[in-house]
Amino acid sequence: MSSGQEPIFSEYESDTSQTSKLLRKFKETPFVPLGMAGFAMVVGYGLYRLKHRGDMKMSLHLIHMRVAAQGFVVGAITCGVLYSMFREYVVKPKE
């Protein structure tokens, strides 16, 4: 690549660290880390309750935990889409 040309993917070739890129993404879409944290919490709670499930079948317990984890992630994605639409169409004035 000659010195007269600018890089095609300049935002990826900058000197920023992975941590700063991750923090920037979290600021742009704040519901992604909430969805990931909620998923991890549901999985942790499910593993904790797995030991004390009583006479409930294992497959039924796992189905309930899967539905709860997926519901939390879908809810976080929905909130994120609504937040970005609000930020783009309501807060930001059209030019």
Side-chain angles (χ1 to χ4, degrees):
M1 182 164 36
S2 68
S3 62
Q5 295 176 342
E6 68 179 59
I8 297 172
F9 301 109
S10 62
E11 69 247 8
Y12 296 111
E13 296 176 2
S14 62
D15 293 332
T16 59
S17 68
Q18 292 294 334
T19 306
S20 65
K21 287 181 186 179
L22 187 64
L23 289 175
R24 181 177 48 87
K25 280 294 187 185
F26 283 171
K27 287 179 184 176
E28 290 173 3
T29 56
F31 288 97
V32 170
L34 286 176
M36 292 174 13
F39 178 79
M41 287 178 13
V42 168
V43 168
Y45 178 73
L47 289 174
Y48 171 75
R49 292 293 299 166
L50 186 64
K51 191 172 185 178
H52 307 289
R53 69 181 187 274
D55 60 349
M56 183 186 286
K57 289 185 179 181
M58 171 82 92
S59 62
L60 186 62
H61 177 75
L62 292 176
I63 288 171
H64 286 164
M65 291 299 109
R66 179 185 63 96
V67 168
Q70 284 178 336
F72 199 93
V73 171
V74 168
I77 290 171
T78 303
C79 289
V81 168
L82 291 174
Y83 174 73
S84 66
M85 286 175 59
F86 175 77
R87 199 171 54 176
E88 184 175 332
Y89 294 113
V90 177
V91 176
K92 181 180 170 184
K94 290 199 173 200
E95 298 175 24

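The structure displayed is predicted, hence computed values, not measured ones.
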Those residues that, when tested against H64, pass side chain to side chain contact (heavy atoms under 4.5 Å, CB included) (two or more places apart): M56, L60

Taking only residues two or more places apart in sequence, or in another chain, which ones meet R87 in a side-chain hydrogen bond (donor to acceptor under 3.5 Å, both in side chains)?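 Expected list: none.
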
For the residue pair M65 and L47, establish whether any side-chain heavy-atom pair is separated by less than 4.5 Å.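 The answer is no, as the side chains (C-beta and beyond) never meet within the 4.5 Å cut-off.
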
Identify the heavy atoms of V42 and A69 that sit nearest to each other, and give their distance. CG1-N, 3.6 Å

Residue pair F39 / V73: nearest heavy atoms and the distance that separates them: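 The pair with the smallest heavy-atom distance is CB-CG2, 3.9 Å.
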
Quick check on the hydrophobic clustering: are L34 and Y45 connected, directly or via other members, by side-chain heavy-atom contacts under 4.5 Å?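 Unlinked, L34 and Y45 end up in two clusters.
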
